[in-house]
Amino acid sequence: MDNEIYLDGNATTAVLPAALRAALLAMEECYGNPSSTHATGLKAKAVLDAARARACRLLGVGPGRLMFNSGATEGIQTAVLSALCAVRARRLAGELAGTLLVYGATEHKAVPESLAHWNALLGLDLELVALPVGTDGRHDLAALRRLAPAAAFVCTMAANNETGVISDLTGIAAALEGSPALWMVDCVQALGKLPLDLAATRIDYAPFSGHKLYAPKGIGMLYVRAGAPFTPLMKGGGQETGWRSGTENMAGIAALGAVLAALEDGTLFASHAEQCMFRERLAAALRQALPGIVFNAPFDDALPTTLNFSVPGVSGKELLDLFDAAAVRVSAGSACSAAKAQPSYVLAAMGLPEWRSSNAVRLSFGPLMDDATVADACARIARCGGALRLAGMLGEPATTRPDGLLQLSDGGRHTWLVLDAASGTCAVIDPQPALAERIDALLRTHGFRVAARLSTRNGAGWPASGDSIELGRQSLRRVMIGAGTPCYLLGPAGERPRHAFIGDAAPSGLAGHVPPEALLCPAAEALSTLCAHPAPAGDIDLDAAGLAALLRQRPDAVLVDVREPHEHAVAVPFLGVPAASVPLSRLAGELPRWMAQAGQVPLVFYCRSGNRSARAAGCLRSLGYPQAYHVHGGVALA
Ligand code: PLP
């Protein structure tokens, strides 16, 4: 996307134009096999040798070895295999080898997973020990000193991918003094960002990935100290002097070589001081836009290119979606499943409170960052903050009130809020404890008075006197559908009800109690006739071409953005066409109006990825609205 600002550099980076050209050249002209002895092969070999020589100079490889491979995950496997084979050999020879596999508690998962895998495969039965870190994210060196005498292999990282926290490698080396342990330092996030002089250290293995610094995915490097034990992961044609067989990824190596050339040249990339200035400006914009924000790692000991933060009351997923709508790509600092964000294990290991580790957002950039992009990012961050403020999500009193029906869900259970903006009254149906804080904050910031909190399970909350609860223009009535089991009917005062809150009742048992045209709003997703049915098969999905054709044939088609209103507010209009903003949580309130159109007007739902819009279109189709569609893959693909 043209206006995209990519701030997820710790996940991966775009390819440097010079690297792209080098890769193309390697495929078009220098396509030889570097092992061939004819001129075409020699040309490829020259590219390979030049890239390696640059890497060796930049990383201070000295008498050590630097091999090319597919990336850090392979480098980590190779280092782990090499270290564990050496431990096995030492054990067999009756030498001191250690019994512990020590890894930093905040390591990338590739490290503990590889340790456990190879430990089991080789049948070594060594003990895996997570080395704790402090609240600053740095390793507990006192704990390491205690573990060091029994350590067989120690794995730490140069800089953390979630927080940017830089490890005290000198301190770790001192703690390992006298230990038999081999030492791997994952240098993935350090490449191009921290000075490295590997041969001057005690480090035995250091893996790197090219795609974290403007080279393509699939190319990496592994440093091995001179004299450190080595066991090849891959045997075959004997490339890389037998250390890593398989014909070399020449396009990747050429591209990485071009990035290393730019690093050596030193003029293209922002200096450390400039990177710190960029961080200051971004942090100031974030502080201004998101009151209450906390940064999850001290800036002093962290890469200036990584900002990890949490905002009270706003989840990482919500912030990620909002930033994404503003075409600012960041990542939730925690792994998100569709249902629930998993707290970040890195922040949890630092002992941060649960709300910070589950709300975390990581914003990271590379040394190609420039002034104009920072300025644009700051302006968009301000817009995002404004949208959250308007939505009442920043804990400040909101200036406008939502109106109508709002559906909130947790773990497959629904709570329904009936909101009347004009009178400032509302009713809460089936309030769930897990949502209590959120509901209270929403009602408080919008200044709603709760007229009733009703349960469909046992009828609790219904006023002792009166047949109905009046909420401005809307009226709630109660009908009993079983002994002690109520259902609540909602509609404009004096008219037939449009919505029925049926709790856990089966729709089949409602005849005679609920008008057939009323929309059923259940308490459980499993029962839902609303937004729960899988979309009926048919032409519900529109790809870019299908969407264009539909809009040509039916200029009256209505585009509906089902993202949250704050996402809609910061987004550039999709296809430049005005769209209605109806988030999934408000769909039930809008349905009666659409259904009254009897399917005459095509409705095209869209969202970020196509998940929410598929549910909305599926819901309308299952209710009998034939011309409901959704944009497959969302705005991300269309
Ligand atoms: N180590 C660190 C610190 C990382 O950030 C990553 C990638 O996110 C890896 C290892 C694995 O790198 P790759 O997926 O390129 O093999």
Side-chain angles (χ1 to χ4, degrees), residues 6-15 19 55 59 67-81 103-118 130-131 133 137-139 154-167 169 172 183-194 196 198 203 205-223 233-234 244 246 249 251-253 255-256 259 297 301-303 305-308 329-336 344-347 349-350 360 362-367:
Y6 184 79
L7 295 178
D8 200 13
N10 288 10
T12 196
T13 54
V15 175
L59 304 175
M67 53 196 271
F68 289 111
N69 59 18
S70 67
T73 302
E74 184 187 328
I76 291 166
Q77 307 304 306
T78 311
V80 170
L81 177 67
Y103 63 95
T106 58
E107 288 297 302
H108 188 278
K109 284 291 173 208
V111 172
E113 290 293 318
S114 311
L115 288 171
H117 178 69
W118 290 105
L131 174 65
V133 297
R138 296 189 122 194
H139 301 97
V154 172
C155 302
T156 56
M157 62 205 321
N160 184 270
N161 46 306
E162 281 193 29
T163 59
V165 167
I166 299 168
S167 301
L169 294 182
I172 295 171
W183 183 22
M184 178 182 81
V185 177
D186 175 345
C187 287
V188 168
Q189 298 294 345
L191 184 64
K193 299 174 196 160
L194 287 178
L196 291 170
L198 292 168
I203 298 168
Y205 311 99
F208 298 87
S209 257
H211 71 102
K212 307 287 184 178
L213 192 76
Y214 308 116
K217 289 149 199 70
I219 183 65
M221 303 180 284
L222 176 67
Y223 160 80
L233 182 66
M234 310 216 280
R244 201 272 187 178
N249 168 5
I253 290 169
L256 180 56
V259 174
D301 292 322
L303 295 174
T305 46
T306 306
L307 293 95
N308 189 307
R329 314 299 180 217
V330 296
S331 85
S334 50
C336 284
S344 148
Y345 71 90
V346 171
L347 300 184
M350 290 164 64
R362 178 186 71 187
L363 183 160
S364 55
F365 57 89

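For ligands, and for the atoms within them, numbers begin at 1 and follow the listed sequence.
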Checklist entry - Is it true that a side-chain atom of Thr78 and a backbone atom of Leu233 form a donor plus acceptor pair closer than 3.5 Å? => result no

Checklist entry - Considering only heavy atoms, does Ser209 approach ligand 1 within less than 4.0 Å through its side chain, its backbone, both, or neither? => result side chain

Item to check | Closest approach of any protein heavy atom to atom 16 (O) of ligand 1, naming residue and atom | outcome: Thr73 OG1, 2.6 Å

Checklist entry - So, does Ser344 use its side chain to make a donor-acceptor pair with the main chain of Leu347 at under 3.5 Å? => result yes

Next on the checklist: Please confirm whether Glu107 approaches ligand 1 to less than 4.0 Å, judged on its heavy atoms.
Outcome noted: no

Item to check | Under 4.0 Å to a heavy atom of Met157 - the qualifying atoms of ligand 1, by number | outcome: 3 (C)

Checklist entry - How does Lys217 reach ligand 1, if at all, at less than 4.0 Å between non-hydrogen atoms: by side chain, backbone, both, or neither? => result neither

Checklist outcome for this item: atom 5 (O) of ligand 1: closest protein heavy atom, distance to 0.1 Å, is Gln189 NE2, 2.9 Å

Checklist entry - Checking Ser209 side chain against Ala72 main chain: does a donor-acceptor pair fall under 3.5 Å? => result yes

Item to check | Gap between atom OG1 of Thr106 and atom CD of Glu162 - 0.5 Å precision | outcome: 9.0 Å

Checklist outcome for this item: heavy-atom search around atom 8 (O) of ligand 1 in the protein gives Lys212 NZ, 2.5 Å

Checklist outcome for this item: The protein heavy atom nearest to atom 6 (C) of ligand 1 is His108 CD2, 3.3 Å

Next on the checklist: Quick one: does any side-chain atom of Tyr6 pair with a main-chain N or O of Asp8 as donor and acceptor, under 3.5 Å?
Outcome noted: yes

Item to check | Main-chain N/O of Thr13 paired with Lys212 side-chain donor or acceptor, under 3.5 Å | outcome: no

Next on the checklist: Could you work out, for atom 1 (N) of ligand 1, the closest of Ile219, Asn10, Asp186 by heavy-atom distance?
Outcome noted: Asp186

Next on the checklist: Heavy-atom pairs closer than 4.0 Å: do any link ligand 1 to the side chain of Glu74, the backbone, both, or neither?
Outcome noted: neither

Checklist outcome for this item: Of Lys217, Arg244, Met234, the one forming a side chain to side chain contact (heavy atoms under 4.5 Å, CB included) with Ser70 is Arg244

